[in-house]
Number of protein chains: 2
Amino acid sequence: MTAPARFTAPYSRIPAAVAAAPHGIAALPGAVTKYGRNAEIFGEGDEAEFVYRVRSGTVRVYRILSDGRRMIGSFHFAGDTFGVETGDEHSTSAEAVTDCEIIATPRMAVSRRAEADHAFSHELWQSAVAELAGARKHMLVLGCQSALERVSSFLLEMAQRSSVGGVISLPMSRQDIADYLGLTIETVSRTFTQLTERGAIEVPSSRTIVLRSQAFLRQAA
Amino acid sequence: MTAPARFTAPYSRIPAAVAAAPHGIAALPGAVTKYGRNAEIFGEGDEAEFVYRVRSGTVRVYRILSDGRRMIGSFHFAGDTFGVETGDEHSTSAEAVTDCEIIATPRMAVSRRAEADHAFSHELWQSAVAELAGARKHMLVLGCQSALERVSSFLLEMAQRSSVGGVISLPMSRQDIADYLGLTIETVSRTFTQLTERGAIEVPSSRTIVLRSQAFLRQAA
DNA sequence: CGTACGATTGATCCTGATCAAAGTAAGTGG
DNA sequence: CCACTTACTTTGATCAGGATCAATCGTACG
């Protein structure tokens, strides 16, 4: 229940290379910034100045309880939008899981364009609702699934998002996975071994998962 | 882990009194329908024909896993909008917790108006993002809090939404609370007793909670 | 080569689930 | 009006899944 000061280590904000870059489904004007591994993109309470889009890399969006427990709400991959808020400040924090290129669009530009462009405004709304659907699905996982079910769901989700021929390259650590699934690293690790023993997956290296039986994962989830 | 056929009992859809009624913050044209206690408003997989707003009463929005486990994602009170979807069908089910009056607006009317009215479209988007914020907060609860913390959070949430002078009238059963918090009825009940013993609340009747020490709840949450 | 961080494995503990029973309240029908 | 039903809540006893504590193992890196 207690938690030491994890996650205070390598916050190296790197607002380096900046260039104009209209990119992504909703082509938005925005500056591309590179962030190094574990760099903070924005923090809870920061002014919500921009809306962000992943150009490359992986981002984690999370909140931290007063005692240090961390809950990762979502991972974002290339093409995903994140950091959208209603209020003036961010209600979550965001960090680069891997080295990232992030497109930041000033919020004003977003709302201005939304006013002028119906299609864009609709798309903006859809993206919020889509993220809501994702959050709901995740609530289901957190609220009523066992460790085996959670890890299976996670692997299927990753498989859907970023697998190449049945091989998943996980960009995130066991700690990240644990904080995403509401488990501990030990339990995540044990569950991976269990899935390996049962022939559902292979784990040649800790960040590489080979899917042997998606059927097994599906009925476990 | 297993679950009998709970929640198959009294689904009495009551599409009774229908009348024009522009009401709520975003005055939308819509028909008012009354639903009796436990009546289904829409089910997962149903065509998402309408967007709904609570005029009076309480609604639960939930999903059910194949084995019968139920996760209540949110409760909605007077003035709240629910049932907004991106796709063509509802990804959740909704039921009346108490007798309810619900305003149903045809989806087409919503999107047509959103196209014409920027302010409305903005409001629509804000409501989606606000709900997302709620979902995120709830994920934090489900992902990393203990039973005591969950119940305390819940009570504070209810206090904020619908308390009158430090007295909360819970419209929902222990089972609803349990399914909302990812706990069992027994644990919810025990936690209430524990909070009573510690002087944080009083429970004169099972649906009535008197707040004795919000400070206690806050630091427990 | 040695250090350091992340991942795995093992042993034990504890919270909340499960199983079981009794208590309470609100209707219902005689 | 009261006995009876039924649904909901509370309490008790026990169990189990996952957390915690602790040690070891890899693997990348200086």
Side-chain angles (χ1 to χ4, degrees), chain A residues 1-10 37-38 67-71 97-98 141-152 170-197 201-209 220, chain B residues 1-10 36-38 67-71 97-98 141-152 154 170-197 201-209 220:
Chain A
M1 217 60 81
T2 54
R6 311 183 321 210
F7 312 118
T8 42
R37 207 165 155 268
N38 294 327
D67 61 0
R69 281 173 288 175
R70 181 180 68 162
M71 171 83 240
V97 173
T98 61
V141 171
L142 294 172
C144 38
Q145 300 204 146
S146 69
L148 183 66
E149 292 169 321
R150 290 178 202 215
V151 172
S152 300
L170 295 175
M172 70 290 284
S173 70
R174 294 287 186 270
Q175 184 67 64
D176 286 335
I177 298 172
D179 289 349
Y180 179 63
L181 296 177
L183 300 170
T184 58
I185 16 172
E186 292 94 333
T187 300
V188 171
S189 183
R190 273 185 251 272
T191 308
F192 276 142
T193 353
Q194 199 181 332
L195 284 170
T196 306
E197 283 163 359
I201 59 171
E202 273 171 52
V203 190
S205 84
S206 75
R207 299 287 181 107
T208 310
I209 311 285
Chain B
M1 216 60 85
T2 53
R6 309 184 322 212
F7 313 118
T8 42
R37 205 164 156 268
N38 294 327
D67 61 0
R69 280 172 289 176
R70 182 180 68 161
M71 172 84 241
V97 173
T98 61
V141 171
L142 294 173
C144 38
Q145 300 205 144
S146 69
L148 183 66
E149 292 169 323
R150 290 177 202 216
V151 172
S152 300
F154 172 75
L170 294 175
M172 70 290 282
S173 70
R174 294 287 184 273
Q175 184 68 65
D176 286 334
I177 299 171
D179 290 350
Y180 179 62
L181 297 177
L183 300 170
T184 58
I185 16 172
E186 292 94 331
T187 301
V188 171
S189 183
R190 273 186 252 272
T191 309
F192 275 141
T193 341
Q194 200 181 330
L195 284 170
T196 305
E197 282 163 0
I201 59 171
E202 272 171 52
V203 190
S205 83
S206 76
R207 300 286 180 105
T208 309
I209 311 286

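Chain identifiers are assigned alphabetically (A, B, ...) following the order of the sequence lines, protein sequences preceding nucleic acid strands; residue numbering begins at 1 within each chain.
Atom CG in B:Leu195 sits about 16 Å away from atom C1' in D:dT11, given to the nearest Å. Between the P atom of C:dC5 and the CG atom of A:Asp176 lies a distance of 16 Å, rounded to the nearest Å. Across the protein-nucleic acid pair, A:Gln145 atom CD and C:dA17 atom P stand 15 Å apart, rounded to whole Å. We find that CG of B:Leu181 is positioned 12 Å from P of C:dG16, with the value rounded to whole Å. Going from atom CG of B:Leu148 over to atom P of C:dC14 covers 17 Å, rounded to whole Å. Straight-line distance from the CG atom of A:Leu170 to the C1' atom of C:dG6: 14 Å, rounded to whole Å. A straight line from CD1 of B:Ile209 to C1' of D:dT10 spans 13 Å, rounded to a whole angstrom. Look at CG on B:Asp179: it is 14 Å from C1' on D:dC8, rounded to the nearest Å.
Checked by atom type and distance alone, the side chain of B:Arg207 pairs as donor or acceptor with a backbone atom of B:Pro171 at under 3.5 Å. No donor-acceptor pair closer than 3.5 Å links the side chain of B:Ser189 to the backbone N or O of B:Ile185. Without hydrogens or angle criteria, B:Arg150 side chain to B:Leu142 main chain gives a donor-acceptor distance under 3.5 Å.
Contact record, B:Ala178 with B:Thr184: CB-C, 3.5 Å, taken as the closest heavy-atom pair.
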What's the verdict on side-chain contact (heavy atoms from CB on, under 4.5 Å) for B:Leu183 and B:Val151, showing C-alpha distance, side-chain angles and the deciding distance?
CA-CA 9 Å; B:Leu183 300 170; B:Val151 172; 4.2 Å; yes
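Rounded to 10°, the angle separating the first-five-pair axis and the last-five-pair axis of the helix from C:dC1-D:dG30 to C:dG30-D:dC1 equals 30°.
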Show me the protein contacts with nucleotides 7-13 of chain C, counting only N or O atoms at under 3.5 Å.
from, atom 1, to, atom 2, distance (Å)
C:dA7, OP1, A:Arg174, N, 3.3
C:dA7, OP2, A:Arg174, N, 3.3
C:dT8, OP1, A:Arg174, NH2, 3.2
C:dT8, OP2, A:Arg174, NE, 2.7
C:dT8, OP2, A:Ser189, OG, 2.9
C:dT8, O5', A:Ser189, OG, 3.0
C:dT9, OP2, A:Thr193, OG1, 3.1
C:dG10, N7, A:Arg190, NH1, 2.9
C:dG10, O6, A:Arg190, NH2, 3.2
C:dA11, N6, A:Arg190, NH2, 3.3

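With contacts defined as side-chain heavy-atom distances shorter than 4.5 Å, the pair B:Arg70/B:Asp176 qualifies. Between A:Ile209 and A:Phe192, some side-chain heavy-atom pair lies under the 4.5 Å cut-off. With a 4.5 Å cut-off on side-chain heavy atoms, A:Leu170 and A:Ile177 count as touching. Counting heavy atoms from C-beta outward, B:Thr187 and B:Leu181 have side chains that stay 4.5 Å or more apart.
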